[in-house]
Amino acid sequence: MERLSILGATGSIGTSTLDVVSQHPDRYSVYAVTANTNVEKLAGIADAFNAKVAVVADKKLYGSLKEALKAGGCDAKAEAGADCIVGVAEDSHADTVVGAIVGAAGIRSSFAAAKAGKKLLLANKESVVCGGKVLMDLVRNSNALLLPVDSEHNAIFQCLRGATPLMKEKARIILTASGGPFLHRESLEDVTPEEATHHPNWSMGKKITVDSSTMMNKGLEVIEARWLFDVPQDRIEVIIHPQSIIHSMVEFEDNVVMAQLGSPDMRNTVAYCLAYPERINAGVAPLNFAKVRQLTFEEPNLKKFPLLALAYEALDRGGYACIRLNAANELAVEAFLAGKIKYTDIFKICEPMMLSAPSENPKKLEEIIEADEEARILATEFISGFIGE
Ligand code: NDP
């Protein structure tokens, strides 16, 4: 029986994980679950999965969580605060940690799980974007097993299985992108939060859905791929594939391409990571190729989606640029969703924030956290200028 701690259990990836876990009660049990503020849902999950610990990030909600657990007759221990989430990530009672917190708030717990040598199912892409080489070195040195949950990286991971180091060294990564809801829309000036939070193929949390529409998500994935697979950015290509059936590809030296295909359902990638190196049923219907009919491809339009180009530039510039870009984007998306800035302001905020980043690379977690906090202060000031306009 593998014991899991699910960080971000109340979110979209958390829900997919719990769905797969519920289909395999003989293989997996849930030790701890965490959320930010949604205590009712968290308590319900703790109860349904018989978790031993439930943690809410917001300390003010400790009492509410305790009450919600008690009301449901659940005897899970209530804890509150970001430090308690880090504690859960390194807790020896769990073998596997699912990192499904959204945003830079997930960085510290990913590092803690890696340091503790866990099997880490990492969805929180911000950990890799900001942690980069520092995180990957930590994973290696502590014998942790990092399995990428993001469907593109999971696909690449699968395509690279069995490849020799030499094959990997010469491989080219081809990340597929759906193109999001605005692929063929002429002007993006008047996009509303309602429009940007509806993805044509994937059902995901709000932040990543907006990122997907601006193609910042693909930019973050380029940065992620660079570190996860130790491939320089000039060997990472993005191609638009609106059907989201091919989740990504690897081209080898002989120009043969390996692709991983499946329905766009995150339960597939979560199940792959959970069972690795085996495979288990994720409860996802098989692909019906006659219904899919065609797989199409087109080049991304970098003029229309400049955030993708900005991510490549951030990689060229170095570590702090990626941290700045990530923080600026997170706060800009938040402001856009709150109706405070325009959709097209997201890029206008991210570009100068990224370009003004110090060029050297961070060397340890504390420097990463400090740089993220500093970037948030700068971005908040910068965004307030836009709100005033
Ligand atoms: P959601 O917004 O659906 O869920 C986020 C989870 O994180 C919730 O449990 C939320 O708790 C918790 N959370 C939010 N803020 C904090 C905080 N400050 N401290 C602690 N916990 C917090 O996000 P997704 O599931 O969509 O995404 C999670 C991660 O996975 C992201 O990094 C995303 O980029 C990545 N990812 C997601 C994919 C998807 O299909 N959804 C695909 C690939 C990657 P609460 O409910 O209380 O707010």
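Not measured: the values here are computed from a predicted model. Whatever order the structure lists ligands and atoms in, that order sets their numbers, starting from 1.
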* Select all protein residues for which some heavy-atom-to-ligand 1 distance is less than 4.0 Å, and list them by chain and number. => G8, A9, T10, G11, S12, I13, A35, N36, T37, N38, A57, I85, A100, I101, V102, A105, A123, N124, K125, E126, D150, M204, G205, I208, M266
Is there a donor-acceptor contact under 3.5 Å linking the side chains of [X] and [Y]?
X	Y	answer
N36	D58	no
Q260	H247	yes
Y31	D91	yes

For residues 81-89, which side-chain donor-acceptor pairs fall under 3.5 Å, sequence neighbours excluded?
| residue | atom | partner | partner atom | Å |
| --- | --- | --- | --- | --- |
| D83 | OD1 | R108 | NH1 | 3.4 |
| D83 | OD1 | R108 | NH2 | 3.0 |

Only pairs under 3.5 Å count here: list side-chain donor-acceptor contacts from residues 65-79, not counting sequence neighbours, and write none if there are none.
| residue | atom | partner | partner atom | Å |
| --- | --- | --- | --- | --- |
| K77 | NZ | E79 | OE2 | 3.0 |

Show which side-chain atoms of residues 97-104 pair as donor or acceptor with protein atoms under 3.5 Å away, not counting sequence neighbours.
none

